[in-house]
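Right, one structure below, let's go through it.
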Amino acid sequence: MFDTLSDRLAATFKNLRGKGRLSEADIDATAREIRIALLEADVALPVVRSFIANVKERARGAEVSQALNPAQQVVKIVNEELISILGGETRRLRFAKNPPTVIMLAGLQGAGKTTLAGKLGLWLKGQGHSPLLVACDLQRPNAVNQLSVVADRAGVAVYAPEPGNGVGDPVQVAKDSIEYAKTKVHDIVIVDTAGRLGIDQELMRQAADIRDAVSPDEILFVVDAMIGQDAVNTAEAFRDGVGFDGVVLSKLDGDARGGAALSIAHVTGKQIMFASNGEKLDDFDAFHPDRMASRILDMGDLLTLIEQAEKTFSQEEAAKMASKLASSKGKDFTFDDFLAQMEQVRKMGSISKLLGMLPGMGQIKDQINNIDERDIDRMAAIIKSMTPKERADPTIINGSRRARIAKGSGSEVSAVKGLVERFFEARKMMSKMAQGGGMPGMPGMPGMGGGPGRQKKQVKQAKGKRKSGNPMKRKAEEQAAAARREAAQNGGAPGLPAGQSGQNFELPDEFKKFMG
């Protein structure tokens with residue numbers, strides 16, 4: 001959604017690197033580039049003006065002029081201002097003191113309210129609640145049936161006494177659903193209302209009548225994140241005509257410019273509470289302005305990644321795997337364990353989405369987008385074609401066994417050979433990390449061993465390296481060393497081109513505790 005904006009901002013900040021002090025011209029040029037980036041992303045003009053004014057005012061202040069690294073301070077300012085226009089702090093649902101809590105969904109037809117009702121129901125079920133979906137969209141053909149199907153997939157209850165397709169009174173259905181929820185002991189009622197192709201009096205009147213009938217604790221305005229400026233206009237009309245308490249963004253995984261998400265909270269004064277970023281029912285979560293700002297600035301979203309991992313991996317299983325890797329140089333770690341780990345990662349979601357949450361991955365997003373998710377299925381097929389003995393001890397897999405495994409999994413012999421080799425390499429690396437040896441070829445990371453002694457040894461070796469007596473060769477060596485130093489200063493990293501390390505930004509404080 002925000003790829004274009006992210007690319008423009010990254011290019012803008014790249015021009016600031018290496019400058020010990022920022023002049024007025026530098027600040028004006030940076031602000032101009034940011035303004036163009038926001039306007040291209042379809043952000044509302046009043047929001048752009050406010051954003052740029054705040055950035056310029058702070059960039060001219062002492063926090064930048066007295067900073068050791070002015071470029072990082074500018075990035076920090078932009079990050080904080082992005083968080084501000086996205087709503088500031090995360091807005092949580094308000095629950096009724098006496099159940100059931102009533103949540104009413106409103107919005108235009110096609111915004112995705114019915115599907116989102118199922119996603120919200122599943123999300124609340126995961127939080128330990130017992131939600132009830134109520135079919136009050138009795139105008140749109142097949143809307144009642146769609147909600148029933150979605151509720152069944154989500155594993156939540158549905159209240160649909162009327163067939164819909166123009167038959168039934170939605171206000172009465174909404175009113176009756178409250179008593180039904182109390183009888184069946186549902187603590188949350190999610191009311192799915194009808195929409196229209198555009199704002200009209202009939203839509204507003206029906207939404208207002210349902211609101212008055214059930215007195216919802218939360219009215220959530222569902223908006224399609226792909227419709228740009230129209231989303232802001234529609235939100236303002238709903239706010240003035242019916243009123244709402246929070247915003248839910250649907251289709252955030254689309255390829256539109258995403259300006260609605262950056263505009264709607266600032267213009268309406270109502271925060272974005274949830275975001276839907278995929279077609280699956282579990283592609284839905286609470287909206288965190290700070291995490292979204294970090295994604296836009298290619299600083300990653302480690303907190304969401306950690307939360308997803310905690311949901312998927314149990315502490316007991318993690319400890320079991322760690323002990324296997326730490327013992328006997330990892331030889332207890334088998335292909336069965338490897339397959340179990342792959343399946344756990346698959347449960348976390350798309351591999352490309354998971355990689356996209358890591359800092360600096362925006363630099364290689366084309367490669368990430370081209371990842372074939374079916375590769376995991378192919379590897380699983382190869383592993384499942386092995387005998388239990390071969391999975392436990394891959395060293396016995398010889399040429400004839402590879403041929404049999406390839407035939408059984410419908411793959412090439414070279415694919416089987418490559419997987420076995422990669423397994424041994426991965427096991428060796430993970431075992432070294434589990435034993436506290438650090439990552440091969442890298443200084444020890446906090447919590448991963450490989451302490452200062454290893455670094456000192458490397459430094460000593462570097463000092464002992466002799467310079468060539470040939471003047472031409474010595475000059476070439478000095479130029480190569482200077483190029484390496486310049487790449488490091490510009491955000492480069494060992495083994496990566498300059499600018500592709502993702503270390504150009506200062507991580508937010510909440511990330512630092514996870515980085516040791």
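Computed from a prediction, not measured in an experiment: that's the story for all the values here. Values reported hereafter were calculated over all heavy atoms of this structure, with side chains retained and with hydrogens, waters and symmetry mates removed.
Residues G164 and V144 share a closest heavy-atom pair of CA-CG2, 3.9 Å. Heavy-atom minimum distance, P289 versus T90: CD-OG1, 3.9 Å. Between P141 and N165, the shortest heavy-atom distance links the atoms CA-OD1, 3.1 Å. Between I188 and P100, the closest heavy-atom pair is N-CB, 4.2 Å. In terms of heavy-atom proximity, G107 sits nearest to K113 at O-NZ, 3.3 Å. The two residues C136 and P170 come nearest to each other via the heavy atoms O-CB, 3.3 Å.
In this structure, OG in S177 is found 10.5 Å from NZ in K182, a value given to the nearest 0.5 Å. How far CE of M273 is from CG of L220: 5.5 Å, rounded to the nearest 0.5 Å. For the atom pair CG (L45) and CG (L39), the distance works out to 6.5 Å, reported to the nearest 0.5 Å. A distance of 14.0 Å separates NE2 in H288 from CZ in R91, rounded to the nearest 0.5 Å. Rounded to the nearest 0.5 angstrom, N98 CG and D217 CG are separated by 10.0 Å. In this structure, the separation between CD on E162 and CG on D169 is 8.0 Å, given to the nearest 0.5 Å.
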Notebook entry, point to check: Run the side chain to side chain contact (heavy atoms under 4.5 Å, CB included) check on L120 and V248 step by step: do they pass?
Noted result: CA-CA 10 Å; L120 179 58; V248 182; over 6 Å; no
Checklist line | Full working for side chain to side chain contact (heavy atoms under 4.5 Å, CB included) between F284 and T115 | finding: CA-CA 11 Å; F284 176 86; T115 303; over 6 Å; no
Next item on the list: Would you please test D28 and R35 for salt bridge (charged side-chain N to carboxylate O under 4.0 Å, His left out) and show each step?
Entry: CA-CA 10 Å; D28 289 339; R35 181 187 295 110; over 6 Å; no
Check: Can Y180 and V189 be said to form a side chain to side chain contact (heavy atoms under 4.5 Å, CB included), step by step?
Finding: CA-CA 10 Å; Y180 179 86; V189 174; over 6 Å; no
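The shortest side-chain heavy-atom distance between V223 and L249 falls under the 4.5 Å cut-off. Considering only heavy atoms from C-beta on, I178 comes within 4.5 Å of V102 through its side chain. Residues R140 and Q146 are in side-chain contact: their nearest non-hydrogen atoms beyond the backbone lie under 4.5 Å apart. In this structure the side chain of T101 never reaches within 4.5 angstrom of the side chain of L93, judged on heavy atoms. Counting heavy atoms from C-beta on, the side chains of R49 and V47 never come closer than 4.5 Å. You'll find the side chain of Y159 reaches within 4.5 Å of the side chain of V173, heavy atoms only. Here the side chains of D187 and F95 are not in contact, with every heavy-atom distance at 4.5 Å or above.
E218 contributes no side-chain N or O that, together with a main-chain N or O of D245, makes up a donor-acceptor pair within less than 3.5 Å. Of the possible polar contacts, one joining the R211 side chain to the V242 backbone as a donor-acceptor pair under 3.5 Å is found. A donor-acceptor distance shorter than 3.5 angstrom exists from the side chain of S263 to the backbone of A44, with no hydrogens or angles considered. Within the 3.5 Å criterion, the main-chain N or O of A154 finds no donor-acceptor partner in the side chain of K119. Using modelled atom types, no side-chain atom of E81 and backbone atom of S50 make a donor-acceptor pair closer than 3.5 Å. Remark: side-chain polar atoms of T30 are paired, donor with acceptor, to backbone N or O of D26 under 3.5 angstrom. A donor-acceptor pair is defined here as one N or O able to donate and one able to accept, closer than 3.5 Å; no such pair exists between the side chain of D283 and the backbone of S276.
The distance between the ring centers of F51 and H266 does not fall below 6.0 angstrom. For F221 and F238, the ring centers are positioned less than 6.0 Å apart.
Scanning for salt bridge (charged side-chain N to carboxylate O under 4.0 Å, His left out) contacts around K270 gives an empty result, with sequence neighbours left out.
Ring-plane geometry between F274 and W123 is classed as perpendicular, the angle between the planes exceeding 60 degrees on a 0 to 90 degree scale with a lower cut at 30.
Applying the side-chain contact (heavy atoms from CB on, under 4.5 Å) test between T114 and each of L147, L133, T193 identifies L147 as the sole match. Of the candidates I210, I190, D192, V134, I210 is the only one forming a side-chain contact (heavy atoms from CB on, under 4.5 Å) with M104.
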